Amino acid sequence: MTGQWRLRAAFAARLSRMYGREVPAYTTLVDVSREVNEDVLRTRGAEAERLGSIGRVTAERHGAIRVGTPEELRQVARVFGALGMRPVGFYDLRDTPGSALPVVSTAFRPVDEDELARNPFRVFTSMLTVSDPRFFGTDLRSRLAAFLADRELFPPELLALADRAEAERELPAADAERFLDLAVRAFELSPEPIDREWYAALERVSAVAADIGGVRSTHINHLTPRVLDIDELYRRMTERGIEMIDTIQGPPRWAGPDVLLRQTSFRALDEPRALRTADGSVTLGALRVRFGEVEARGIALTREGRALYDRLLGVVDERAAQRPAGERGDVARAVWSEHLPPTERELAVRGLGFFTYHAVAGRPADGSRPPSDLAGLLDRGWLRAEPIVYEDFLPRSAAGIFQSNLSDTGSRDSGQEGSSYDADRLSGVMGRDVLDPFTLYERQRDRSLARIPRALRPQGAS
Ligand code: OOG
Ligand code: NI
């Protein structure tokens, strides 16, 4: 029998092999990431593993895929359900200024601590908002709906195996093999010729719409390794002649604790694709839709911490607007130093970051009674705080990653009323709850508090 987490780990590993064959620069990225991680481990020692064991970090990937319809999203949720991955978070990228991104998204990932520790594979999954009149006029919308209704992304055999794996939380070895084979195949780039005119019609609205609705299959858009020093990674990739986008998205590099998520990518590569022209002949063309991305993960922020982060981004925008573009990093670092606590302890005490709390064995031997506040408990050695890693995504970085790899801005009719999508609507579509990331982190913290003796529970903590 193959249990769910082994299925998930095997799927991630096979997807990685497949993607490496399709996009050789990805293999370079994985190699350089591994080198950087080994170097960081050597120079920083145990501290390097504070946000995850080297085993976890080395195997860690996130993927991104894009589907066209609620029905397709429901199906993909079944495939990920088989792997113990649940939808977490809702991201609406449609209002991104400057580019047309007609998608709403969620991320499928494991939610339990031990499952995350075994294999944290996650997939950022976007669904085309076909019914949003800001992007698609009546005629294009009905042609698009008909095109999408007519395609099949996931064969019935795959879905049947997925349902079984989800219900039984395992599959017999031979079925597991078949499931993995079909699942990886569903995300390969299809050699089927693309209708050039149809693709171009969608591209005029949005390159993302064409990538999703212009072809009869889906494919993995990128697969992202995790790295312990993303600035060093950026330097080494650039040294190898790989042209990276001009920034690292998310928080700046600074002397304080890493929070949330920092990401960067290199540009989409031209890939040869067969194109069918209006007269029916097939020619070889090239499309640019996929790219390489890498990320560094930090500490999850509480709702208050996240609100502060979002506010600081606004401050950075304002100040950076008055300075040359190359100085944004310096501006961000200055803003960070003014407003964010420089230590993990402070992040915990000010309620800005998520931690688990643990009673320290052999606590103070001077016979004193434990203080009642978190700061006292930490400072006097009664409790130890371990950071909780941010397992999710950032809407602005996601939009930036989508955008930085598009050559055209596309078009959007902002005079129209957008159709409303939210987490509830996506939950209804999938028949599964889109989980709230904050609630998941809170639960993890609260479980740790419940395990420590009552006398050591900080006042005000739930
Ligand atoms: C997804 C872009 C978002 C991330 O890491 O924020 C993303 C896509 O391009 O389909 O993957
Ligand atoms: Ni990504």
Side-chain angles (χ1 to χ4, degrees), residues 12 15-16 19 22-23 25-26 29-30 33 60-68 72-73 76 80 85 87-96 98-109 120-129 153 187 189 202 206-215 217-227 230 233-234 244-245 247-251 260-269 271 287-298 309 313 389-408 410 426 437:
L15 203 62
S16 183
Y19 196 58
E22 291 188 343
V23 180
Y26 163 75
L29 183 63
V30 168
S33 300
E60 187 159 346
R61 301 279 185 278
H62 87 246
I65 60 160
R66 305 160 172 184
V67 297
E72 290 174 359
L73 183 65
V76 95
F80 293 138
M85 296 156 69
V88 181
F90 174 76
Y91 307 84
D92 189 343
L93 303 179
R94 292 175 297 158
D95 288 321
T96 304
S99 326
L101 301 179
V103 290
V104 291
S105 316
T106 185
F108 291 89
R109 67 168 177 87
F121 185 57
R122 48 175 96 70
V123 180
F124 192 91
T125 303
S126 303
M127 181 185 80
L128 195 62
T129 52
L153 301 185
F187 296 107
L189 202 65
L202 289 172
S206 155
V208 175
D211 181 44
I212 302 173
V215 293
S217 59
T218 186
H219 47 255
I220 176 102
N221 176 275
H222 60 270
L223 205 55
T224 301
R226 180 169 161 195
V227 73
I230 197 168
L233 181 287
Y234 189 98
M244 308 296 284
I245 63 170
T247 51
I248 294 174
Q249 319 260 356
L260 299 173
L261 178 64
R262 303 181 67 209
Q263 299 177 308
T264 190
S265 65
F266 52 83
R267 285 177 199 292
L269 307 161
E271 291 181 291
L287 291 179
R288 224 165 215 251
V289 284
R290 308 205 288 180
F291 54 92
E293 184 193 39
V294 62
E295 66 189 13
R297 291 191 170 263
Y309 171 79
L313 280 184
V389 182
Y390 189 59
E391 305 285 355
D392 295 288
F393 293 85
L394 295 172
R396 176 154 162 172
S397 306
I401 296 283
F402 262 110
Q403 265 178 324
S404 56
N405 289 283
L406 301 178
S407 26
D408 287 334
L426 272 202

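Atom set for the values below is all heavy atoms of this structure, side chains included, hydrogens, waters and symmetry mates excluded. Just so it is clear, the model here is predicted, and its values are computed rather than measured. Ligands are counted one by one from 1 in listed order, and the atoms in each one are counted from 1 as well.
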The closest protein heavy-atom partner of atom 10 (O) of ligand 1 is R66 NE, 2.8 Å

Considering the heavy atoms of A64, write down every atom of ligand 1 situated less than 4.0 Å from one of them. 1 (C), 8 (C), 10 (O), 11 (O)

When only distance counts, is H222 in polar contact with ligand 1, meaning an N/O pair under 3.5 Å? yes

Are any side-chain N or O atoms of S206 and backbone N or O atoms of A100, one a donor and one an acceptor, separated by less than 3.5 Å? yes

Does Q249 come within less than 4.0 angstrom of ligand 1, counting non-hydrogen atoms of the residue? no

F393 six-ring centre to R297 NZ/CZ under 6.0 Å and within 45° of normal: yes

Does the distance from a Lys or Arg side-chain N to an Asp or Glu carboxylate O, for R262 and E295, drop under 4.0 Å? no

Proximal ligand 1 atoms for N221, defined as those under 4.0 Å from one of its heavy atoms: 9 (O)

Taking N, O or S atoms only and a limit of 2.8 Å, check whether E293 reaches the Ni ion (ligand 2). yes

Do T224 and E293 get their side chains close enough for a donor-acceptor pair, meaning under 3.5 Å? yes

Ionic contact status for R290 with D211, cut-off 4.0 Å: no

Is S397 in polar range of ligand 1, meaning some N or O pair under 3.5 Å apart? no

Need the ligand 1 atom indices (1-based, order shown) with element for anything under 4.0 Å from a heavy-atom of E293. 4 (C), 5 (O)

Closest contact, heavy atoms only, L223 versus G63: CD1-CA, 3.7 Å

S126, any N or O under 3.5 Å of ligand 1 N or O: no

List every atom of ligand 1 that sits less than 4.0 Å from any heavy atom of A398, numbering the atoms from 1 in the order shown and giving each element. 3 (C), 6 (O)

Measure E295 to ligand 1 on non-hydrogen atoms and call it side chain, backbone, both or neither using the 4.0 Å cut-off. neither

Within the 4.5 Å heavy-atom criterion, are F291 and V23 side-chain neighbours or not? no

No-hydrogen, no-angle side-chain donor-acceptor test under 3.5 Å, Y91 and S126: no

